[in-house]
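In what follows, a single structure is set out as C-alpha cells and then discussed.
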Amino acid sequence: MNVAPSSDQTAPDAAAAPDAPRYDFRAAEPRWQAAWDARECFRVEDEPTDGKPKYYVLEMFPYPSGKIHMGHVRNYTLGDVVARYKRARGCAVMHPMGWDAFGLPAENAARERGVHPAKWTWENIATMRAELQRMGLSLDWRREFATCDPAYYGHQQKLFLDFLRTGLVERQESWVNWDPVDGTVLANEQVIDGRGWRSGALVEKKKLSQWFLRITKFAPDLLAALDGLDRWPERVRLMQANWIGRSEGARLRFGLTAPEAGMDDVEVYTTRPDTLFGMSFLAIAPEHPLAAAVAARDPAAEAFVAECRRLGTSEAVIETTEKRGHDTGLRVAHPFIEGASFPVWIANFVLMEYGTGAIFGCPAHDQRDLDFARKYGLPVPPVVLPAGQPLESFTLGDKAFDGVGMMINSGFLDGLEAPVAAKAAAIAELERRGVGEGVVNWRLRDWGVSRQRYWGCPIPVIHCDACGVVAVPDDQLPVRLPEDVTFDVPGNPLDHHPSWKHVACPSCGAAARRETDTFDTFVDSSWYFARFCSPLAEQPVVRGAVDHWMPVDQYIGGIEHAILHLLYSRFFTRAMKVTGHIGVEEPFAGLFTQGMVTHESYRDAANRWLYPDEIEKRADGSVVLRESGEPVQVGRVEAMSKSKRNTVDPGAIIARFGADTARWFILSDNPPERDMEWTEAGVVGAYRFTQRLFRLIEALGGVTQGLVPDTFSDAARKLRRTTHRSIVAVTEALESFAFNVAVARVYELANAIADAERAPADEQAGLAWARFEALETAARLVSPMMPHLAEEMYATLHPATERLVAELAWPEPDMALVVAESVTIAVQVMGKLRGTIEVAPGAAEAAVLTAAEASVGRLLEGKRIVKRVYVPNRIVNFVIAG
RNA sequence: GCGGACGUGGCGAAACUGGUAAACGCAUCGGGCUUAAAACCCGACGCCUUUCAAUGGCUUGCGGGUUCGACCCCCGCCGUCCGCACCA
C-alpha cells in the first residue's frame with residue numbers, strides 16, 4: 001500500500017528533483033494514446049488491398065453492466081498482446097470492440113430503480129468505453145457497435161427471416177419456469193430453491209409455444225468438424241462433443257397390458273438394449289403424455305406430477321434432487337420374455353427432453369436406476385457378469401456395474417460380451433420382431449430463442465388469425481422496440497404496450513398482432529464477429545468483407561462460454577452459409593479460454609463482507625479495518641463477485657498505477673488459461689518494474705546509438721547474447737500464449753542490463769552500445785504488453801525519431817549471437833545426478849563420455865559399466881553393475 | 001447426478017519431444033545508501049540431517065507401475081474448481 005505512487009511524484013518540486021527521474025504514466029499514457037489515434041495505427045479497411053496477411057483478433061465483447069471488471073482487463077489485455085504482436089509481425093490486424101447490450105440486468109435495473117433499460121445501457125456503454133480507452137488497447141474504434149442499436153438488430157431480424165424461409169426455424173412447444181405471482185418466465189438463475197427470486201412464489205413448469213432454431217439439423221456436422229478445430233483447447237472440443245452427445249442405441253415400444261387414454265404402448269430410447277433382460281420397471285417423465293393421462297384420473301399421480309413441476313427446468317437441479325417416483329399401476333409387457341410384465345412409474349429424474357421421455361429401468365447396470373430401485377424395493381436382476389469374475393461371488397451392493405462383461409440370465413443373449421456384441425444382437429432381435437430398431441440419438445436439442453422480455457431484439461413476425469404466422473416484410477425492418485414502456489406491472493412490457501403489437505397483417509391487411517417475444521441474447525452474440533467486418537453496411541454482412549476477414553484467427557474469452565455461445569456461433573455461421581451470407585462454416589479458427597480473476601475475501605466480526613478498500617494489512621501480518629482498526633477475518637481466495645465484495649475496480653487501479661502496470665501484472669503472474677489471484681503486492685511489484693525499466697534507460701545518460709563498435713568486452717558480448725536470446729525466448733513465449741514466461745524473460749533481460757551497468761572499467765569496450773541495443777530491444781519486446789512505456793522508452797532512446805513502436809516491425813534475433821559458447825551436461829550414475837561437465841556444443845560423443853566418466857570416477861571404481869546413455873548436449877547416464 | 005479441468009518451495013510459477021526440478025517474480029532475512037524512513041542498490045532463500053560443510057539424503061497431492069532416467073506416460077485413490085440449455 002505504502003509504496004503506491006505517492007502524490008509527491010507529480011508534485012512540481014519532486015519532478016524537479018534531479019535524483020528522482022520517474023516515468024510519469026499520468027502524462028505519458030494519454031499522450032501516446034493520442035499519438036496512436038492521430039496516426040490511425042489500428043485502422044483497417046473492410047476490404048483491404050494492401051496485400052498484407054490478414055489477422056482477426058477478437059475478444060468476447062462485454063455486456064455493459066456498469067463498469068469494467070478485472071475479467072475484462074484480463075481478457076482485453078490478452079487480446080491486445082496478440083493484436084500488437086501480430087501487427088509487428090507484418091499482419092493487417094483487425095481488432096474491433098462492441099457491446100453485447102441486450103439482457104436481463106437492464107430490465108432488472110428498470111424494475112428496481114425505475115431507469116429505462118436503454119438509458120441505463122447507453123450510459124454504461126459510455127462509462128465502459130472510456131475505461132477501455134484508458135487501457136490503451138489497439139482497437140479500431142470505428143467498428144464499434146451495440147447490439148441494442150436497431151442498426152444492428154434490424155440486420156439480425158433479416159437473418160432470422162432468411163433462416164425462416166430456409167427451413168431453419170420452427171415453432172415448438174417447450175417448458176419454462178413460470179412465476180405465478182410475477183406472471184413472468186424465470187431464468188434458471190432466478191429460481192432459488194424452487195422459488196422465484198423476487199416474488200418468493202413456488203415456481204412451476206409451464207408449456208409455451210416458442211421459436212426454435214434448428215441446430216439439431218447440424219448436429220452431425222457440428223460434431224465431426226470439431227476434429228478440424230486444431231487451435232481450440234482440447235477440453236472445449238470434448239465438452240462440445242459431450243454436449244452434442246451422439247449415442248447409438250435402440251428405440252423400442254413396450255406394449256401396455258391395458259390401454260390408457262387411447263395409448264397402447266410406451267416408446268423408450270436406450271443405449272443399453274443388451275440389458276433388457278435385467279429390466280425391473282419402466283419410468284416416464286412427469287411431462288410425458290401418459291403421465292398426464294394417469295394424473296387426470298388419479299389424484300395421487302396428479303399431486304406427484306405437480307410436485308415435479310415445481311422442480312423447474314434446470315437439469316442440474318433435476319439430476320441432483322433425490323430420486324422419487326409414483327407407481328401408476330399400469331404395466332408393460334417385456335418384448336423378449338413371454339408373459340412377463342413390469343410396472344410403469346412416473347419418475348422425477350427422467351427427462352422429457354432426452355430420447356423419448358421414457359426409460360426402462362435396469363438397476364443392476366445403471367446407477368440412477370439402482371438408486372431408484374433400492375428406494376422403492378424393486379428387484380435388481382443382474383444380467384452382465386464382470387469380466388473375470390466367477391458367477392458365485394458376484395453380488396450387487398450400492399454400485400451398479402456398467403463395465404465390460406458376459407451376458408447371463410438373458411436368454412438368447414447369454415454368453416455374449418456386453419455391451420458391444422450383446423447390444424448388436426439385441427437390436428437385431430428387436431428389429432426382427434418389429435418392436436424396435438437401432439437408432440442414433442443426439443443429446444443436443446433445438447435452440448429455443450423466444451424470450452418473454454422487453455430488452456431484446458424483437459422477433460420480426462406477425463400473427464394473423466387468417467394467415468397464421470407472417471414474416472415482417474424486409475422493407476419494414478427493423479422492427480423497433482417501442483421506447484414508451486412501463487415496468488410497474490409484472491410480465492412482458494411489450495405485451496402490455498397499448499399500441500405496439502397491434503398491426504395490420506402484411507399479407508391480408510386484417511387486424512393482426514406482432515410477436516411480443518424477443519430473441520435470446522445468445523442470438524445477438526452468434527454473428528457479431530461477422531458484422532464487425534463491415535459494421536456500417538446496409539445489409540447484415542458484405543461478402544467481400546466477411547470473405548476477407550473471416551474466420552476469426554484468434555478468439556479469446558472465458559471458459560464459461562465453452563459450450564453454449566461457441567456452439568451457437570458455430571451453428572449460426574453454418575446457417576448463414578446456407579442462406580448465402582458467408583462462405584465459411586467455422587467462425588473461430590483459434591480459441592483461447594482464459595481463467596478467472598480471483599481475490600481474497602474479507603469479513604468483519606459480524607460476518608459481513610468487506611471491500612478490499614476497507615481493510616488494511618499491517619506490517620506485523622495482521623489484517624484490520626482501516627477506519628476502526630478492528631480485526632478482519634481473511635477468507636478464501638475466490639472468483640471476484642459483487643456479493644462477496646472481493647472486487648477490485650480496474651478504473652481505480654489504472655488511475656493509481658497506470659494502464660501498463662495493470663496490464664503487466666495481469667500477464668505476469670500465471671499462465672492465462674489458469675485462474676489468477678489479484679493482489680496488491682503484485683500490482684505494486686509491476687509498478688516498480690515500470691519505473692525500473694525507465695531508470696535503466698536514464699542510467700545510459702543520453703547515449704545515442706553510434707556505429708557498431710569494432711570490439712566488445714566479455715561483459716558486452718554476454719549482454720548481447722542475453723539480448724538476442726531474449727528476442728528468441730519472448731517471441732516463442734508470445735507465440736504459445738505463455739505471457740507469464742515472456743514477462744520472466746524480460747525480467748532476465750533487465751537484470752542483465754543492470755549487471756552490465758556495474759561492469760568494471762576494463763570491460764567497457766562496446767558496452768554502452770550493447771546496453772543501448774539491449775534497452776531498445778527491451779522496449780520493443782515489452783511493447784505488446786506495456787505499449788505506453790515502450791513508446792516512452794523508445795522516444796527517450798531516439799529523441800529525434802518520428803516513429804512509433806506501434807509501427808515498428810518485431811525485432812529479429814542475430815542467431816550467431818544466440819548460440820551457446822558451451823553447454824553443461826548432467827552426468828548421472830544409475831539415473832541420479834552425480835556431477836556436471838562443460839563441453840563445446842556438439843562435442844564428439846567419445847570425448848564427452850570420457851570427460852563424464854572422469855568426472856564421476858570415484859563412483860565407478862570397482863564397478864562394471866553395463867550401459868552408457870548419451871543424449872547430446874543434455875545428459876550422460878552410466879548404468880553399472882557389481 | 002452427468003460432463004470437463006486442475007494439484008510443483010511460505011506464495012504465484014518455470015521446466016523443449018521422457019533427460020540437471022524450482023528459471024522469473026512476490027514475501028522474508030542480511031548488508032549498502034540515509035540524520036531517519038521510504039524508494040533504490042547488493043546478497044541469501046525447497047525440505048531434512050549436521051558444530052560447520054557437501055561431492056549427503058529427501059522432494060512435483062497420495063499409492064502403485066513402465067523406463068537407464070518420470071512433474072511429464074499407464075492404473076487406482078484424495079482434494080479443489082467450472083458447465084448443465086432463460087445469466088452473460
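Labels below follow one simple rule: chain letters A, B, ... track the order of the sequence lines, proteins then strands, and each chain is numbered from 1.
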Consider the side chain of [X], meaning its heavy atoms from C-beta on, and name the nucleotide among [options] that approaches it most closely.
X: A:L238; options: B:rC40, B:rC68, B:rA5; answer: B:rA5
X: A:R235; options: B:rA13, B:rU20, B:rG4; answer: B:rG4
X: A:A744; options: B:rA23, B:rC41, B:rA85; answer: B:rA23
X: A:V869; options: B:rG19, B:rA13, B:rC86; answer: B:rG19
X: A:V185; options: B:rC41, B:rC86, B:rG4; answer: B:rC86
X: A:N877; options: B:rC81, B:rG19, B:rG1; answer: B:rG19
X: A:E748; options: B:rG4, B:rA23, B:rC41; answer: B:rA23
X: A:R834; options: B:rA13, B:rG57, B:rC24; answer: B:rG57
X: A:A316; options: B:rA13, B:rA88, B:rG1; answer: B:rG1

Round to a whole Å and report the spacing from [atom1] of [X] to [atom2] of [N].
X: A:L833; N: B:rG18; atom1: CG; atom2: P; result: 21 Å
X: A:K205; N: B:rA85; atom1: NZ; atom2: C1'; result: 13 Å
X: A:E189; N: B:rG83; atom1: CD; atom2: C1'; result: 14 Å
X: A:M239; N: B:rC6; atom1: CE; atom2: C1'; result: 12 Å
X: A:R445; N: B:rA85; atom1: CZ; atom2: P; result: 7 Å
X: A:E315; N: B:rC86; atom1: CD; atom2: P; result: 11 Å
X: A:Q594; N: B:rA88; atom1: CD; atom2: P; result: 19 Å

Worksheet, complete the sentence: A:R834 meets the side chain to side chain donor-acceptor pair (under 3.5 Å) criterion, sequence neighbours left out, with none
Worksheet item: Per the side chain to side chain donor-acceptor pair (under 3.5 Å) rule, which among A:T518, A:D517, A:N492 passes with A:Q452?
Response: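 In the set A:T518, A:D517, A:N492, the residue that makes a side chain to side chain donor-acceptor pair (under 3.5 Å) with A:Q452 is A:D517.
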Does [X] make a side-chain donor-acceptor contact with the base of [N], cut-off 3.5 Å?
X: A:R453; N: B:rC86; value: yes
X: A:E319; N: B:rC84; value: no
X: A:R874; N: B:rC16; value: yes

Discussion item. Assuming nearest nucleotide by heavy-atom distance, tell me which of A:K867 and A:W447 is located more 5' along RNA chain B.
Written reply: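 Residue closer to the 5' terminus by nearest nucleotide: A:K867.
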Fill in: Residue met sooner reading RNA chain B from 5', once A:K323 and A:D669 are mapped to nucleotides
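By nearest-heavy-atom nucleotide position, the 5'-most residue is A:K323.
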Tell me whether the side-chain N/O atoms of [X] come closer than 4.0 Å to OP1 or OP2 in [N].
X: A:R674; N: B:rA14; value: yes
X: A:R745; N: B:rC24; value: no
X: A:R237; N: B:rG4; value: no
X: A:N751; N: B:rG25; value: yes

Categorize [X] for me: base, sugar-phosphate, or nothing, with a 4.0 angstrom heavy-atom threshold over every strand shown.
X: A:S668; result: nothing
X: A:Q210; result: base
X: A:T679; result: nothing

Worksheet item: So, are A:E319 and A:R368 salt-bridged, with charged N and O less than 4.0 Å apart?
Response: yes
Discussion item. For RNA chain B, please output the secondary structure as dot-bracket, reading 5' to 3'. Pairs are Watson-Crick or G-U wobble, both atom distances under 3.5 Å; mark crossing pairs with [ ], other-strand partners with |, unpaired with a dot.
Written reply: (((((((..(((......[....))).(((((.......))))).(((.......)))..(((((..]....))))))))))))....
